[in-house]
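Here the structure comes first, spelled out in structure tokens, and everything after it is commentary.
In the text below, chain A, chain B and the rest are named by the order of the sequence lines, each starting its count at 1. Treat the numbers as computed from the prediction; the structure is a model and nothing was measured.
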Amino acid sequence: MAKITKLDDIVSLCKRRGFIFQSSEIYGGLASCYDYGPLGVELKSNVRKAWWKSVVQMRDDVVGVDCSILMHPLVWKASGHADKFADLIAECKKCNVRTRVDHLAENAEEHTEHISLDIAEAAEYDLSNKVCPGCGKIGQFTEPMPFKLMFETQMGANVDDSMMLYLRPETAQGIFVNFRNVLDSTRVKIPFGIAQIGKSFRNEVTTKAFIFRTREFEQAELEFFCQPGTDDDWWHTWKDLRFQWYIDLGIKKENLRLRDHAGDELAHYAKACVDVEYKFPFGSGDWQELEGIANRTDYDLRQHQRGMRTLNKWYETKGDLTKIDLSDEAEDYEKGPLSYFDEEQKKRFIPYVIEPSAGIDRSTLAFLVDAYDEEEVKGQKRNLLRFHPALAPIKAAVFPLVKKDGLPEIAQNICNDFKKYFNCFYDQKGAVGRRYRRQDEAGTPYCLTVDGQTKEDGTVTVRERDSMEQERISTDKLLGYLREKLDI
RNA sequence: GCGGGUGUAGCUUAAUGGUAAAGCUCCAGCCUUCCAAGCUGGUCAUGCGGGUUCGAUUCCCGCCACCCGCUCCA
């Protein structure tokens, strides 16, 4: 179906149609950063809305939040990011394979915990007799290079008195630290979820093709809190729900799959994880992750209880995270400040968390690529985007068949009326066939054409994008007709 | 970060050590009563910086960005 076979085709399509541009392009671009254009911003916004509708609006057991990107530094100490997001890496000069220095130093085969960057730098590793795991050469390493995977910034305009902060590397922690607030303010009862959509920042060592791995990106995350023991069931439930969401919005089944993570692939906090993957039709044809659904257990809430106990040390060291060890967990941590009291069971516990975490930018691109199609119509090539109506940037376009006889005024009025309900586009330029095709390229589901007959019987032609079929609809029934077809 | 490749108009391509060409798109107008028709006119380009040269888009160097592969992937 889709004739896109190279990433270049997608980049070109995105730019040509105003979906995605390179950031700061007139200055030569900025690596890994992209901007959404006029159609792209609508598409992405619709992806967000569809996610929010499915995960929050349509459910009784999920509420939303919108947290700040800047958070207390201890958040990232507690979550593990401050320590585990910093690595010292050396590269083999012979085979260019990069390896974490602590792995080399310990000659460790198995997974080891990350260590703090300052400690790693201070250790002054001697790599002269270490073996490259890539090619077996000995001592052919570059100087160790430190990598900080979180962006740093400072708060406070006075440089001498400012505080280093991180840009959040995930939205999830904002939800965990608001767990208590939501419990206290909304009468939710476990099982329930808290959802958030927002930007996150990760200083990736390597970015990847187009917008698949960027350093600034948008996440849609749900933290679904449940009683321990019910977590496996809820994990399966969300896995199915989230997979179906993509299908319901028009992703072709053959391009979507679920892939379970192997045990050694799991993050330090996760008990289980499955990825929703999309088969992008270019490059090596690799399946790319759109979303991960993880069982994060009670790790995060327990860590934040430790973080709360660490606050005094934080003040004592004047906020130097590297001088702080997270305080030990309380003996009765299950009754701690982030615990949940179950009224029916008269029991306190730390909830388990199921986390569906979706990449908004990645799925936006997947919807775009999956909708792209080319077909032959009367010997002419027709390019179109077969967006699901909920995702289409423009829902309907209104044309006068010709630019005279009062038809433009009638068409303009219809368009203005409909703008109250959805994105509606007016166009009177050139042949009507060309206007239809232009809307096909933008993925607009319906075109309405006002002609001479409209003045006689008040009907207009409704032309459907995918089939190109037309039917005449009375203008007074038009809004209802479209809202039913568009499901809005 | 390594290796390889690429960079000319919005897009696709052309050409050249000496005025950068075309098609499509786009814009204005004419004509047009249902699927990219036609006519007229118009806007828009050698990624950035340096070097060689009388003259560089072309040759050389550096930078930036993108693509492929390696690597990374919480």
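- Backbone-only contact: A:Ser32 has heavy atoms under 4.0 Å from sugar-phosphate atoms and none from a base.
- Checking each of A:Thr449, A:Val462, A:Thr454 against A:Arg472 for a side chain to side chain contact (heavy atoms under 4.5 Å, CB included) leaves exactly one that passes, namely A:Thr454.
- The separation of B:C30 from B:A14, taken at their P atoms, amounts to 38 Å, rounded to a whole angstrom.
- Ranking B:U32, B:C34, B:A36 by closeness to the A:Asp451 side chain, first place goes to B:C34.
- Nearest-nucleotide positions on RNA chain B for A:Glu170 and A:Glu441 put A:Glu441 closer to the 5' end.
- Distances shown here put a side-chain N or O of A:Lys15 below 4.0 Å from the OP1 or OP2 atom of B:C11.
- The side chain of A:Arg434 lies closest to B:A36, out of B:C66, B:C34, B:A36.
- Atom-to-atom, CD of A:Glu375 to C1' of B:C35 comes out at 12 Å; the value is rounded to the nearest Å.
- Within the 4.0 angstrom heavy-atom criterion, no nucleotide atom of any strand lies near A:Phe21.
- Of all nucleotides present, none satisfies the Watson-Crick or G-U wobble test against B:A56 with each distance under 3.5 Å.
- Contact between the side-chain N/O atoms of A:Gln22 and the OP1/OP2 oxygens of B:C66 is found at a separation under 4.0 Å.
- Residue A:Arg438 contributes atom CZ, which lies 15 Å from atom C1' of B:C34 at whole-angstrom precision.
- Within the nucleic acid shown, A:Asp405 comes within 4.0 Å of at least one base atom, counting heavy atoms only.
- Stacking of A:Arg242 on the aromatic ring of A:Trp245 is recorded, both the 6.0 Å distance cut-off and the 45° axial limit being met.
- Side-chain to base pairing of A:Tyr27 with B:C64: no donor and acceptor N or O lie closer than 3.5 Å to each other.
- You'll find that the side chain of A:Arg16 is closest to B:G10, out of B:U33, B:G10, B:C27.
- Between A:Phe399 and A:Tyr436, the ring planes lie tilted relative to each other; the angle falls in the 30° to 60° range.
- B:U19 makes up no base pair with any nucleotide shown, lacking Watson-Crick or G-U wobble contacts both under 3.5 Å.
- The CD1 atom of A:Ile211 sits 18 Å away from the P atom of B:A65 (whole-angstrom rounding).
- Distance A:Arg435 CZ to B:U33 C1': 11 Å, rounded to the nearest Å.
- Donor-acceptor pairing under 3.5 Å, judged by distance alone, is present between the side chain of A:Thr461 and the base of B:C34.
- Taking A:Phe225 as the reference, A:Phe179, A:Phe192 meet the ring-ring contact (aromatic ring centres under 6.0 Å, His included) condition, with sequence neighbours excluded.
- Ring-centre distance between A:Tyr34 and A:Tyr36: not below the 6.0 Å cut-off.
- In this structure, A:Lys403 places its NZ atom 6 Å from P of B:C30, rounding to the nearest Å.
- Position along RNA chain B of the nearest nucleotide to A:Lys429 versus A:Arg472 favours A:Lys429 as the more 5'-ward residue.
- Between A:Trp234 and A:Phe224, the ring planes lie tilted relative to each other; the angle falls in the 30° to 60° range.
- In this structure, B:C31 makes no Watson-Crick or G-U wobble pair, since no nucleotide meets both defining distances under 3.5 angstrom.
- Between the C1' atom of B:C73 and the CD atom of A:Glu277 lies a distance of 12 Å, rounded to the nearest Å.
- Between the side chain of A:Arg382 and the base of B:C35, no donor-acceptor pair under 3.5 Å is found.
- In this entry B:G7 has B:C64 as its Watson-Crick or G-U wobble partner, both defining distances falling under 3.5 Å.
- In this structure, A:Leu39 places its CG atom 14 Å from C1' of B:G10, rounding to the nearest Å.
- Residue-to-nucleotide contacts include no donor-acceptor pair under 3.5 Å from the side chain of A:Gln439 to the base of B:A36.
- In this structure, A:Thr449 does not reach the B:U33 phosphate: none of its side-chain N or O atoms is under 4.0 Å from OP1 or OP2.
- The P atoms of B:A9 and B:U58 are separated by 15 Å, rounded to the nearest whole Å.
- For the pair A:Phe210 CZ and B:C68 P, the interatomic distance rounds to 11 Å; values are reported in whole Å.
- Between the C1' atoms of B:U6 and B:U57, the separation comes to 15 Å (whole Å).
- Closest to the side chain of A:Arg213, out of B:U33, B:C67, B:C73, is B:C73.
- Checking B:C11, B:C35, B:U33 against the side-chain heavy atoms of A:Tyr436 singles out B:C35 as nearest.
- Taking a cutoff of 4.0 Å between a charged side-chain nitrogen and a carboxylate oxygen, A:Asp232 and A:Lys271 qualify as a salt bridge.
- A donor N or O paired with an acceptor N or O is found under 3.5 Å between the base of B:C35 and the side-chain atoms of A:Arg463.
- The partner of B:G1 is B:C70, by the rule that a Watson-Crick or G-U pair needs both atom distances under 3.5 Å.
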